Amino acid sequence: MATQKMLKFVTVGKEMPEKRDASSRAQDFHEIYREFADRKAAEQASRCSQCGVPYCQSHCPLHNNIPDWLKLTAEGRLQEAYELSQATNTFPEICGRICPQDRLCEGNCVIEQSGHGTVTIGAVEKYITDTAWEEGWVKPIRPRAERPESVGIIGAGPGGLAAADLLRRQGVQVTVYDRYDRAGGLMTYGIPGFKLEKDVVERRNAQLADGGVNFVLNCNVGEDITFDAIRGQHDAVLIATGVYKARDIEAPGVGAKGIVKALDYLTASNRHGFGDEVPEYDSGELNASGKRVVVIGGGDTAMDCVRTAIRQGALSVKCLYRRDRANMPGSQREVANAEEEGVEFVWLSAPKGFTGGTEVEGVMVQKMRLGPADATGRQTPEVIEGADYVEPADLVIQALGFEPEDLPTLWGVPELKVTRWGTIKADFRTHETSLPGVYAAGDIVRGASLVVWAIRDGREAAEAILGYLAQTGAVAAE
Ligand SMILES: Cc1cc2nc3c(=O)[nH]c(=O)nc-3n(C[C@H](O)[C@H](O)[C@H](O)COP(=O)(O)OP(=O)(O)OC[C@H]3O[C@@H](n4cnc5c(N)ncnc54)[C@H](O)[C@@H]3O)c2cc1C
Ligand code: SF4
C-alpha cells in the first residue's frame, strides 16, 4: 500500500511539474509525510515481539489490547488497529500524548526490560487515532434509539466526558455541567498546549456536543444551581469534579505579590493560547517573560510550570524540590525534558520564607538531607542547619499538589460520604456513592491522578449507571 502511494506521487511529479498549484503541492507533501509516518509507526509496531506475556497491557489502566493493535499497525492495517484501540479507550489520541508511559505500558514492555528500548506504544496509539480522525474513521455519536432517562454529569473533565460518551451512545439523555466556559477539565486549562494541543481536546468536545450531549457551561454547582436541583432533574448523577484546592506553602512572606499558584499560572497561559483576554497575563502577574522564576514542587504540575516558563521567555527557571532526583514524584521523562530545555533543578531544597516587601525578591532556601524512611518507605527530608541561602526570584510558582474541595459542605449534602482525605467515598467497582443513584469518578475519588484513570472510572461508572437505570425500570421499559 505504502509503495503504491509513493509511486503515484513520483508519477504525478514527473508529468506536470510546473502546472501544479499550491494546494496539490501541499497534498503531495501531506502524502509523503503520511507515507513516512506510516512507515515509522509500522517500524515501531513491528518491534513488538508479541511476547505472549503482555505486561504492557496489564499495566495500562484501560487494559488496551496493545500487542494486537501493534501487530495490525505493523501490517499496515491502520483502520483495524484504530477500531481495536478505540474499543477500550474513549480518547486514545489524548492518552497517546500525555500518559506517563514510562510508568505504565512502556515501562513494562519486555523489550525495554531486556535493555533494548521500549516499543513507543503511546506514539503509535496517538498516530493511529490521529490518522483515524484524518481519514474519517472516527464514528460520530449516533445512538440507535433515544431513551427517556437522563443523567446529569457534574464536571467536564476526562472522567465526566468518558461517561458522557458511553451513555450517549446508548441513547441516554446526558447533560454535563461545568463551572468553566470550555469543556475538557484539566485537559483544557491545566495541561499545557505543548503537551496536549487544545484542538485535539476541542475536537472531542465538539464530537460529544454534535452527538447530542447537552453542555451547561459557566455553571458552578453549589452556586449557580444546587446539587439537589440537579438530582431532581436527572435519573442518575455522576460527580466528576476533580481536585482543585491547592496546597499552600506556610512560610513568612508567602502573601507577597509575585508568589502565585500553579493552576492559576497554567490556566492563564492556556487561556492566552486560546486567544482569550487575560489581564493577569498581559500585566505580567501570571507571565514568566523576562523573569527569574522559581517553581516549588517535584510533581508533574511543577514540570509543566517550569517548561511553560521556559517557553514564555523566562530569564532563568529553577525548580526547588526537598528530596533528590530519585525520589521525585514526577515522571523522569518530564524531568529529562525540562533539563534539556534549560531548567535547573535544585535538589534537597525547601522554602523557609520569602524576601522582599509587598513584592517577592527571593526565596529563603533551607538545604535538606534524606533521613530514615517513614511508614510509607520514603526517606524523610531533614533540615541541614546553617546552610540556608537566598535564591533570587521575581516570580515564584507554588506547585505542591491539590486536595479535594469540601463538597458535602459546599453543596449542603452532609449525607455524601467522604474519606478522611476529603475524596468522595465510592464503590471501587460500581463507583456508586453513599447516595442512591449518585456516582463519582476520577480525581474526586482517587485524589490527584491521571487522565487515563479518570477515563477508566468514567467508563465503569457509565456501565454501572446503565445497570442502575435498567434496575429502576426506565431502561428495561424501553
Ligand atoms: C498541571 C497538570 C498537568 C497534568 N498533566 C497530566 C499528564 O500529563 N498526564 C495525565 O495523565 N494526567 C495529568 N494530569 C492529571 C489529570 O489532568 C487529571 O488526573 C484528570 O484531568 C482528572 O480528570 P477528572 O475528570 O477527574 O477531573 P478534571 O479534569 O479536573 O475535571 C473536573 C471538571 O469539573 C469541573 N468542576 C469542578 N467543580 C465543579 C462545580 N462545583 N460545578 C461545576 N463544575 C465543576 C471543573 O471545572 C473541571 O472542568 C495533570 C494535572 C495537572 C493539574
Ligand atoms: S492508554 Fe496510556 S497506558 Fe494505556 S496503552 Fe495508551 S499510552 Fe499506554
Side-chain angles (χ1 to χ4, degrees), residues 56-57 59-66 69-70 85 88-109 118 120-126 129 153-163 176-192 195-196 216-225 227 230 238-244 246 262-263 265-267 269-270 299-305 308 330-331 333-334 399 401-402 404-405 407 410-411 440-458:
C56 56
Q57 183 168 1
H59 285 84
C60 162
L62 294 164
H63 300 312
N64 284 340
N65 190 344
I66 301 164
W69 52 250
L70 285 177
S85 105
T88 48
N89 190 352
T90 316
F91 308 127
E93 73 282 29
I94 294 178
C95 292
R97 283 171 166 83
I98 57 156
C99 270
Q101 286 100 4
D102 54 342
R103 307 203 298 253
L104 301 171
C105 53
E106 292 179 15
N108 291 280
C109 169
T118 179
T120 55
I121 297 165
V124 176
E125 186 177 32
K126 163 185 176 294
T129 318
I153 297 177
I154 309 172
L161 296 185
V176 180
Y177 302 85
D178 202 289
R179 61 185 171 196
Y180 283 147
D181 55 345
R182 291 183 176 91
L186 288 172
M187 299 190 298
T188 295
Y189 285 131
I191 302 173
K195 270 169 65 183
L196 176 59
V216 181
L217 299 175
N218 295 307
C219 176
N220 191 350
V221 175
E223 268 183 26
D224 301 314
I225 183 171
F227 177 68
I230 290 186
L238 174 68
I239 303 171
T241 48
V243 288
Y244 284 87
L263 204 52
Y265 172 70
L266 293 171
T267 304
S269 173
N270 277 316
D300 287 336
T301 301
M303 295 310 103
D304 287 347
C305 290
T308 300
S331 152
R333 197 183 278 184
E334 284 295 289
F402 303 95
E405 289 155 300
L407 292 187
L410 285 173
W411 290 356
D443 283 4
I444 191 59
V445 178
R446 294 179 176 274
S449 178
L450 294 173
V451 165
V452 65
W453 282 110
I455 295 173
R456 170 166 163 176
D457 287 356

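Keep in mind it's a predicted model, so treat the numbers as computed, not measured. Sequence positions, counted from 1, serve as the residue numbers for this chain. Every number for a ligand or one of its atoms is a count from 1 in the order of the listing.
Taking a cut-off of under 4.0 Å to the non-hydrogen atoms of Ala240, the atoms of ligand 1 that pass are 32 (C), 33 (C), 34 (O). Counting atoms of ligand 1 from 1 in the listed order, those under 4.0 Å from a heavy atom of Trp411 are 41 (N). Using a 4.0 Å cut-off to heavy atoms of Gly159, the atoms of ligand 1 that qualify are 25 (O). Near Val451, the atoms of ligand 1 lying under 4.0 angstrom from a non-hydrogen atom of the residue are 10 (C), 11 (O), 12 (N), 16 (C), 17 (O), 19 (O). Under a 4.0 Å criterion applied to the non-hydrogen atoms of Ala156, ligand 1 contributes the atoms 33 (C). Near Gly242, meaning under 4.0 Å from one of its heavy atoms, ligand 1 places the atoms 27 (O), 30 (O), 32 (C). Close approach to Cys219 involves these atoms of ligand 1, each under 4.0 Å from a residue heavy atom: 42 (N), 43 (C). Numbered from 1 in the order shown, with element, the atoms of ligand 1 that lie under 4.0 Å from a heavy atom of Lys195 read 5 (N), 7 (C), 8 (O).
Ring pair Tyr180/Tyr189 is perpendicular by interplanar angle, where above 60° counts as perpendicular and below 30° as parallel.
For ligand 1, none of its N or O atoms has an N or O atom of Asp300 under 3.5 Å away. When only interatomic distances are considered, the shortest N/O to N/O separation between Phe402 and ligand 1 does not fall below 3.5 Å. Between Glu405 and ligand 1, no pair of N/O atoms sits closer than 3.5 Å. By the 3.5 Å distance cut-off applied to N or O atoms, Leu450 is counted among the residues near ligand 1.
Counting only protein N, O or S atoms, the number found under 2.8 Å from atom 6 (Fe) of ligand 2 is 1.
Using a 4.0 Å cut-off between heavy atoms, Trp453 makes no contact with ligand 1 at all. Using a 4.0 Å cut-off between heavy atoms, Leu266 contacts ligand 1 through its side chain alone, with no backbone atom that close.
With no hydrogens or angles considered, a side-chain donor-acceptor pair links Ser331 and Asp102 at under 3.5 Å.
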